[in-house]
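Since the structure comes first, as structure tokens, the remarks are kept for the end.
Any value given below was found using the heavy atoms of this structure, including those in side chains, with hydrogens, waters and symmetry copies removed.
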Amino acid sequence: MAGKTGAPANIFGGIKPPFILIGKEMARIIIVGNGRIDGRFASTIDAADLVVRLDDCRSQGIAGTRTDIVAVRNFGQPAGSMLASRKWQSQAAVQQATEIWGLSDPKKFNAIRPLVAVLHPELRDFCDDHSGEFDRLCAATSKVFRVVDERLHDWVDDALRFYGPGPYLVPSSEIILVAAVLDRFPRANVTIIGLEHSGPAYHPFAAERRLVDEYVAVGKLRRLEFAPHRWPKSVQVAESHW
């Protein structure tokens, strides 16, 4: 790794990006999470060249209506719930998306299965792989399904070591998605919104936030966010959307 803010290479095997970005040196990409989002950013999101939403895409609407890629956890209970839900499959974001990305590498999750069984026996389905089901869904709906590989997971693990993550099982899907977008579109102008870096203790959210903060500080990412101490009565809107 080339320093704390380096990046992995060829995570998607050199596959060309979606046609809408080919030839764009500074394409505008927005990663939309499911955290708190100021509705005044909706038009900014819809004006991007590529919009990537996470999992159940529940912020669509207040966070714009455009979706090009849906990134999902393809392992465990969240994956099973999405696949079993007609509501998820029929919602506008999933219908519009031309690609679905799986953010969990099968080799990585199979390798940690014994560790999960010992440390978190309550997570019985944490390492259950649903990638094949997502692949079949995409084949039936004329979408492309891609899964990040273990090199990306390994790079994120290496990067997080600089930020004192403490014990954890795997990085969260949020940080894997950020790394995947930066890797696949290295010349793009990438903005994040609605990523709150909080959740179960088996993800290193505090270290992930510090890593993202550094990426924002050095200009590798831009962030549109609330002023947390004033939510929900007032919000802070960035001076420049791009």
Side-chain angles (χ1 to χ4, degrees), residues 12 15-73 82 85-103 134 137-138 141-146 173-197 212 215-216 219-228 230-242:
F12 287 91
I15 300 172
K16 288 183 178 180
F19 70 93
I20 57 175
L21 294 185
I22 291 176
K24 281 183 171 286
E25 289 295 313
M26 291 298 291
R28 299 173 300 176
I29 300 176
I30 290 192
I31 300 171
V32 184
N34 292 313
R36 298 169 295 178
I37 294 175
D38 180 357
R40 285 176 287 180
F41 287 131
S43 60
T44 300
I45 293 168
D46 285 343
D49 296 303
L50 189 75
V51 177
V52 186
R53 298 185 189 271
L54 188 61
D55 285 331
D56 61 9
C57 309
R58 60 182 176 269
S59 63
Q60 190 182 40
I62 190 172
T65 59
R66 178 175 179 170
T67 304
D68 299 288
I69 296 170
V70 174
V72 300
R73 288 170 284 183
M82 284 184 283
S85 170
R86 290 185 179 179
K87 182 179 179 181
W88 180 78
Q89 295 185 33
S90 63
Q91 68 170 293
V94 177
Q95 292 288 313
Q96 292 172 15
T98 57
E99 298 189 7
I100 293 180
W101 290 4
L103 299 174
F134 279 111
L137 172 65
C138 287
T141 55
S142 301
K143 303 182 191 301
V144 175
F145 181 58
R146 308 186 193 278
S173 55
E174 286 185 356
I175 196 68
I176 294 294
L177 175 56
V178 170
V181 169
L182 289 173
D183 174 75
R184 191 171 178 198
F185 306 108
R187 296 183 180 180
N189 187 333
V190 180
T191 300
I192 59 173
I193 185 170
L195 301 183
E196 296 195 330
H197 312 291
V212 169
Y215 269 58
V216 171
K220 294 179 75 70
L221 286 173
R222 298 184 182 190
R223 180 193 278 135
L224 306 179
E225 64 180 346
F226 284 113
R230 302 180 67 184
W231 169 260
K233 292 182 179 180
S234 180
V235 294
Q236 175 179 333
V237 181
E239 292 181 3
S240 173
H241 289 180
W242 297 107

- To the nearest 0.5 Å, what is the distance between CZ (F134) and CZ (R73)? 10.0 Å
- Task: Could you grab the distance from atom CD1 of I192 to atom CG of L182, nearest 0.5 Å is fine?
- Result: 9.0 Å
- Quick one: side-chain contact (heavy atoms from CB on, under 4.5 Å) partners of A42, sequence neighbours excluded? none
- With side chains defined as the heavy atoms from C-beta onward, is the minimum distance between V181 and I29 less than 4.5 Å? yes
- Message: If I take atom CD from residue Q89 and atom NZ from residue K87, how far apart are they, to the nearest 0.5 angstrom?
- Response: 13.5 Å
- Query: Is the shortest heavy-atom distance from the side chain of I31 to the side chain of L177 under 4.5 Å?
  - Reply: yes
- Correct closest heavy-atom pair for R223 and V212 would be NH2-CG1, 3.2 Å
- Can you list the steps and then say if R36 with E196 is a salt bridge (charged side-chain N to carboxylate O under 4.0 Å, His left out)? CA-CA 8 Å; R36 298 169 295 178; E196 296 195 330; 2.9 Å; yes
- Looking at V70 and V94, what are the two nearest heavy atoms and their distance? CG2-CA, 4.2 Å
- Message: Give me the atom names and distance for the closest heavy-atom approach of V72 to M82.
- Response: CB-CE, 3.9 Å
- Any idea which heavy atoms bring Q60 and A92 closest together, and the distance? OE1-CB, 3.7 Å
- Distance in Å, L50 CG paired with I69 CD1, rounded so as to fall on 0.5 Å steps: 4.5 Å
- Any residue meeting side-chain contact (heavy atoms from CB on, under 4.5 Å) with N34, in chain and number order, not counting sequence neighbours: L54, D55, D56, R58, S59
- Task: Kindly indicate, with the supporting measurements, whether the criterion side-chain contact (heavy atoms from CB on, under 4.5 Å) is fulfilled by D46 and V51.
- Result: CA-CA 8 Å; D46 285 343; V51 177; 5.5 Å; no
- Donor-acceptor pair, R146 side chain versus G102 backbone, under 3.5 Å? no
- Rounded to the nearest 0.5 Å, how far does OG1 of T44 lie from CG of L224? 6.5 Å
- Can any side-chain N or O of S90 pair as donor or acceptor with the backbone N or O of R86 at less than 3.5 Å? yes
- Message: Main chain of A27, side chain of N189: is a donor-acceptor contact present, judged purely on distance under 3.5 Å?
- Response: no
- Task: State whether K143 and E99 are salt-bridged, where the test is any N-O pair (Lys NZ or Arg NE/NH1/NH2 against Asp/Glu carboxylate O) under 4.0 Å.
- Result: no
- Considering non-hydrogen atoms only, spot the tightest contact between R66 and D68 and give its length. NE-OD2, 2.9 Å
- Minimum heavy-atom distance I30-A48, with the two atoms named: CG1-CB, 4.1 Å
- Message: What's the separation between atom CG in L221 and atom CG in L195, rounded to the nearest 0.5 Å?
- Response: 9.0 Å
